[in-house]
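Worksheet: the structure to be examined is printed underneath.
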Amino acid sequence: MKKLIAICAIAVLAVTSAGWACDKDKQATTPVAEKSGEVKEVALVGYLTDSYCGASNANAKGKGCAVDCIKKGAKVQLYADQKLYTLDKVANPETYIGAEVKVTGMLDEATGTITVKSIEQTKQG
């Protein structure tokens, strides 16, 4: 019986120690909030896409996939000038996906995030 109690006590100590070790690692690897870089006003022309597939959905053919991915939690991105920019808080993005758009807003260059002021579809033809 004493042997069983000793084994249980050792098991409890081992599990508790592992728990503390995990907490220590979690605190050591917690990312520090990224500092914002230069913020500037931009007006970019390109295609809206999703953060899962990126540039491959940045066209009329990728509309269905991009809309589906955004519904599943992907972020809305703009593909313009051979770069992807994450858009902050876009209402009804599916309205603009698949068509060329002009996005105006404030670009945080450190994070590549645009705080959107407006999105408008460019005229084709």
Side-chain angles (χ1 to χ4, degrees):
M1 185 69 162
K2 289 181 184 179
K3 200 175 194 179
L4 181 61
I5 291 172
I7 291 172
C8 288
I10 291 171
V12 167
L13 287 174
V15 170
T16 305
S17 297
W20 286 329
C22 290
D23 285 344
K24 179 183 172 190
D25 290 341
K26 192 181 270 186
Q27 291 172 355
T29 59
T30 301
V32 178
E34 288 186 35
K35 294 182 181 179
S36 290
E38 182 180 340
V39 177
K40 64 179 185 179
E41 191 165 354
V42 294
L44 299 168
V45 176
Y47 283 85
L48 295 188
T49 185
D50 63 279
S51 60
Y52 292 165
C53 298
S56 64
N57 279 343
N59 53 52
K61 292 179 183 177
K63 179 178 181 172
C65 184
V67 169
D68 187 48
C69 288
I70 289 168
K71 287 180 182 177
K72 291 179 181 175
K75 293 182 180 183
V76 179
Q77 293 187 320
L78 172 70
Y79 182 68
D81 299 330
Q82 306 289 319
K83 295 180 186 175
L84 285 168
Y85 302 93
T86 300
L87 302 184
D88 185 33
K89 298 180 184 175
V90 178
N92 302 318
E94 59 276 351
T95 304
Y96 304 104
I97 293 176
E100 190 176 66
V101 294
K102 178 180 178 181
V103 175
T104 58
M106 300 301 290
L107 170 63
D108 182 333
E109 291 185 329
T111 63
T113 302
I114 298 175
T115 302
V116 178
K117 286 185 181 178
S118 69
I119 299 177
E120 58 188 58
Q121 192 170 350
T122 59
K123 295 183 180 182
Q124 300 292 324

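When a residue number appears, it is its place in the shown sequence, counting from 1.
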Distance-minimising heavy-atom pair for A58 and T49: N-OG1, 3.8 Å
Taking a hydrophobic cluster as the set of Ile, Leu, Val, Met, Phe, Trp and Tyr residues connected by side-chain heavy atoms closer than 4.5 Å, whether directly or through intermediates, do V101 and Y85 fall within one such cluster? yes
Is I97 close to I70 at the side-chain level, that is, under 4.5 Å between some pair of heavy atoms? yes
Using the rule that Ile, Leu, Val, Met, Phe, Trp and Tyr join whenever any side-chain heavy atoms are under 4.5 Å apart, tell me whether V76 and V116 fall into a single cluster. yes
Of all heavy-atom pairs between C65 and N57, which one has the smallest distance, and what is that distance? SG-ND2, 3.3 Å
Determine the minimum heavy-atom distance between A55 and Y79, stating which atoms define it. CB-CE1, 3.6 Å
Does V67 belong to the same Ile/Leu/Val/Met/Phe/Trp/Tyr cluster as V90, with side-chain heavy atoms less than 4.5 Å apart forming each link? yes
Is Y52 linked to L87 within one hydrophobic cluster, defined over Ile, Leu, Val, Met, Phe, Trp and Tyr using a side-chain heavy-atom separation of less than 4.5 Å? no
Of all heavy-atom pairs between A74 and D50, which one has the smallest distance, and what is that distance? CB-CB, 3.9 Å
side-chain contact (heavy atoms from CB on, under 4.5 Å) between M106 and D108, intermediate numbers included: CA-CA 7 Å; M106 300 301 290; D108 182 333; over 6 Å; no
Using 0.5 Å steps for rounding, measure from the CD atom of E100 to the CG atom of N59. 12.0 Å
Separation between NZ of K83 and CG of L107, rounded to the nearest 0.5 Å: 8.5 Å
Closest non-hydrogen atom pair between C53 and C69, with its separation: SG-SG, 4.2 Å
Please list all pairs passing the salt bridge (Lys or Arg N to Asp or Glu O under 4.0 Å) test where one or both residues lie in residues 54-74, with sequence neighbours left out. D68-K72
Hey, could you give me each pair passing side chain to side chain donor-acceptor pair (under 3.5 Å) that has a residue in residues 86-96? Not counting sequence neighbours. Q77-T86
